[in-house]
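Note that these values count all heavy atoms, side chains included, but never hydrogens, waters or copies made by symmetry. Just so we're on the same page: letters track the sequence lines, and every chain starts at 1.
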Amino acid sequence: MRPTLVVIVGPTAVGKTEIGVRLAEHFSSEIISADSRQMYKELKTGTALPSPEQLARVKHHFIGNLSIHDYYNVSMFEQDVLALLSSLFPEKPVIFMVGGSTLYINAVFHGIDDLPSVDQELRDELQQQYKENGIEFLRNKLKILDPEYYQRVDLKNPNRLLKAIEISLMTGKPYSSLLTAPSRERDFRIIKIGLNKNREELFEQINKRVDEMFDKGLPDEAKLLFPYKNLNSLNTVGYKELFLCEEGKVSMDQAKEQIKTNTRKYAKRQLTWFKRDGDIHWFEPDHTNEILEFLKKELDE
RNA sequence: GGUACCAUAGCUCAGUUGGUAGAGCAACGGACUGAAAAUCCGUGUGUCCCUGGUUCAAUUCCAGGUGGUACCA
């Protein structure tokens with residue numbers, strides 16, 4: 001059988017984890033988590049990790065493998081996943097990838113260009129200048145460094161402008177000249193399965209999950225992490241809102257509501273991204289048998 | 001029971017000197033190449049509480065009703 005990566009995607013809280021475990025169990029396989037926040041070992045209750053029981057049923061990768069203090073990025077994820085896959089495929093021809101971090105998943109699908117990693121000093125400096133001089137400053141700078149990218153970038157999005165300026169300065173070449181849209185051929189097959197349900201139910205599930213996180217002590221965990229609130233790894237739904245509460249800017253109830261709202265928005269953004277991918281086969285999360293039948297048929301071919 | 005004030009979008013509210021209305025949040029749609037649970041863009045979705053009166057025209061003015069809030073009993 002040709003080595004196959006079965007990827008299960010969908011909005012947060014739709015039920016990816018349990019289905020992934022069931023399918024992986026059925027094929028005696030392992031799971032690669034594609035979740036940019038479940039990788040941080042300090043984030044325990046706010047990231048909807050697989051339960052200890054689920055982790056015991058199937059071997060998971062990229063769960064709690066980093067510290068919030070570590071630097072990590074999409075490209076590293078792509079490399080790490082490819083390396084892992086080549087070590088797993090000889091033994092297990094079907095591997096599952098389960099998660100909702102769209103850009104990370106995309107990097108595994110198509111690859112991502114080889115760019116230098118952030119120079120924190122440069123980033124801080126540009127950030128400072130942006131704060132002092134506004135977005136016009138970034139636009140003018142980019143216009144000189146990379147007029148081509150300036151034409152097509154979202155000129156209202158400071159992160160995009162900063163990124164392009166950073167890379168252009170670091171490499172001495174226009175950022176856009178380094179973007180070759182690789183679309184690398186993979187030497188394994190990819191089957192994409194999408195899970196979705198009606199919006200109302202999904203939102204109910206999100207609200208319920210946030211309530212459960214609070215019951216499990218999310219506010220206490222956030223309090224412990226408060227000293228590190230400026231780390232990128234903690235710019236995360238479920239924590240950033242509680243940091244505001246810790247600072248006395250919102251009440252605990254307001255923080256909870258904001259977590260629900262921000263999780264809903266996140267789910268929406270995920271769906272916008274996934275909807276664009278025409279190769280995804282969509283299913284209702286409770287139709288496990290249907291998905292299993294589909295997979296068996298696909299893998300037989 | 002009396003008096004005063006209020007009733008406009010899913011929520012909080014603005015507004016119309018009478019010509020059927022707009023902000024924030026939510027919601028909805030979208031973008032996305034190392035911050036991605038990030039960052040950013042677009043869209044108003046409405047018996048203007050009900051009934052009657054005045055008027056060419058009422059969400060707006062008047063009367064009554066209903067509901068709410070406050071105070072007085």
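Residue A:Gly111 is classed as having no contact, given no heavy-atom separation below 4.0 Å to the nucleic acid. At the heavy-atom level, A:Asn106 lies nowhere under 4.0 Å from the strands shown. Among the heavy atoms of the strands lying under 4.0 Å from A:Pro158 are primed sugar atoms or P, OP1, OP2 only; no base atom is included. Looking at heavy-atom distances under 4.0 Å, A:Ser101 makes contact with sugar-phosphate atoms alone, never a base. Among the atoms of the strands shown, none is found under 4.0 Å from any heavy atom of A:Ile167. At a threshold of 4.0 angstrom between heavy atoms, the contacts of A:Tyr40 with the nucleic acid are absent.
Classified by interplanar angle (parallel below 30°, tilted 30° to 60°, perpendicular above 60°), the ring pair A:Tyr228/A:His69 is perpendicular. Using cut-offs of 30° and 60° for the angle between ring planes, the A:Tyr149 and A:Tyr175 rings count as perpendicular.
In this structure, CE of A:Met39 is placed 15 Å from C1' of B:A38, rounded to the nearest angstrom. Computed from coordinates, the A:Ile112 CD1 to B:A35 C1' distance equals 12 Å when rounded to whole Å. Nucleotide B:C41 holds its P atom 12 Å from the CG atom of A:Leu155, rounded to whole Å. A:Ile105 has its CD1 atom 14 Å from the P atom of B:A36, to the nearest Å. Between A:Asp114 atom CG and B:U33 atom P there is a gap of 17 Å when expressed in whole angstrom units. For the pair A:Lys265 NZ and B:U43 C1', the computed distance is 15 Å after rounding to whole Å. Atom CE of A:Met170 is separated from atom P of B:U33 by 18 Å (rounded to the nearest Å). Rounded to a whole Å, the CG atom of A:Asn159 is 7 Å from the P atom of B:C40.
Side chains of A:Tyr239 and A:Glu221: a donor on one and an acceptor on the other come within 3.5 Å. Side-chain atoms of A:Thr272 and A:Arg269 form no donor-acceptor pair, as typed in the model, at a separation below 3.5 Å. No hydrogens or angles considered: a donor-acceptor pair under 3.5 Å links the side chains of A:Lys197 and A:Gln205. Under 3.5 Å, the side chains of A:Asn289 and A:Glu293 contain no donor-acceptor pair of N or O atoms. Side chains of A:Asp80 and A:Tyr72: a donor-acceptor N/O pair is present below 3.5 angstrom, by distance only. A side-chain donor-acceptor contact under 3.5 Å links A:Glu132 and A:Gln128.
Figure legend. B:C71 is base-paired to B:G2; pairs are counted as Watson-Crick or G-U wobble with both atom distances under 3.5 Å. For B:G22, the paired nucleotide is B:C13, the pair qualifying as Watson-Crick or G-U wobble because both relevant distances are below 3.5 Å. Nucleotide B:U33 forms a pair with no other nucleotide shown, judged by Watson-Crick or G-U wobble geometry with both contacts under 3.5 Å. Across the strands present, B:U66 finds its partner in B:A7; the criterion is a Watson-Crick or G-U wobble pair with both atom distances under 3.5 angstrom. For B:G46, there is no paired base (Watson-Crick or G-U wobble, both distances below 3.5 Å). Nucleotide B:U59 is matched to nothing when pairs are restricted to Watson-Crick or G-U wobble geometry with both distances under 3.5 angstrom.
Contact check, A:Arg264 against B:A27: a side-chain N or O comes under 4.0 Å of OP1 or OP2. At the phosphate of B:A35, OP1 or OP2 sits under 4.0 Å from a side-chain N or O atom of A:Tyr71. Remark: A:Thr261 is not in phosphate contact with B:A26, judged by side-chain N or O atoms under 4.0 Å from OP1 or OP2. Distances shown here put every side-chain N or O of A:Arg269 at or beyond 4.0 Å from the OP1 or OP2 atom of B:G29. Contact annotation: A:Arg199 side-chain N/O to B:G29 OP1/OP2 distance is under 4.0 Å.
B:G10 and B:U45 have their P atoms separated by 11 Å, with the value rounded to a whole Å. Only the P atoms considered, B:A57 is 14 Å distant from B:G19, to the nearest whole Å. B:U47 and B:G65: their P atoms are spaced 26 Å apart (whole Å). A distance of about 16 Å separates the P atoms of B:U55 and B:U60, rounded to the whole Å. With P as the reference atom, B:A26 and B:G64 are 42 Å apart, rounded to whole Å. With P as the reference atom, B:U59 and B:G68 are 25 Å apart, rounded to whole Å. The separation of B:C48 from B:A14, taken at their C1' atoms, amounts to 13 Å, rounded to a whole angstrom. Look at the P atom in both B:U17 and B:G46: the space between them is 25 Å, to the nearest Å.
Distances were taken from every side-chain heavy atom of A:Tyr175 (C-beta onward) to each of B:C40, B:A36, B:G34; the shortest belongs to B:G34. In the set B:G29, B:C40, B:A26, B:G29 carries the atom at the smallest distance from any side-chain atom of A:Lys268. Between B:A38, B:G34, B:G29, one nucleotide has an atom nearer to the side chain of A:Arg160 than all others, and that is B:A38. The side chain of A:Lys156 has B:C41 as its nearest neighbour among B:G30, B:U33, B:C41.
If A:Lys260 and A:Lys275 are placed on RNA chain B by their nearest nucleotide, the residue sitting closer to the 5' end is A:Lys260. For A:Asp154 and A:Tyr149, each mapped to the nucleotide of RNA chain B holding its nearest heavy atom, the one lying further toward the 5' end belongs to A:Tyr149.
For B:A31, the base has no donor-acceptor partner in the side chain of A:Arg152 [N/O atoms by modelled type, under 3.5 angstrom]. Checked by distance alone, A:Lys163 brings no side-chain donor or acceptor within 3.5 Å of a matching partner on the base of B:G34. Evaluation of atom-type donor-acceptor distances gives a pair under 3.5 Å for the side chain of A:Asn157 against the base of B:U39.
Within residues 231-257 of chain A, the residues approaching RNA chain B are A:Asn232, A:Asn235, A:Thr236, A:Val237, A:Lys240, by heavy-atom distance under 4.0 Å. Taking a 4.0 Å limit (strictly below) on heavy-atom distances, residues 118-148 of chain A reaches RNA chain B at A:Val118, A:Arg123, A:Gln127.
For the atom pair CZ of A:Arg209 and OG1 of A:Thr263, the computed distance is 7.0 Å after rounding to the nearest 0.5 Å. Atom CD1 in A:Ile167 sits 11.5 Å away from atom CG in A:Leu162 (nearest 0.5 Å).
Annotated as anti: B:G22, whose O4'-C1'-N torsion sits more than 90° from 0.
Remark: side-chain polar atoms of A:Lys260 are not paired, donor with acceptor, to backbone N or O of A:Lys208 under 3.5 angstrom.
Within a 6.0 Å sphere centred on CD of A:Glu247, heavy atoms belonging to other residues, nucleotides or ligands number more than 12.
In terms of the side chain to side chain contact (heavy atoms under 4.5 Å, CB included) criterion, residue partners of A:Leu292 (sequence neighbours excluded) are, by chain and number, A:Leu23, A:His26, A:Phe27, A:Lys296.
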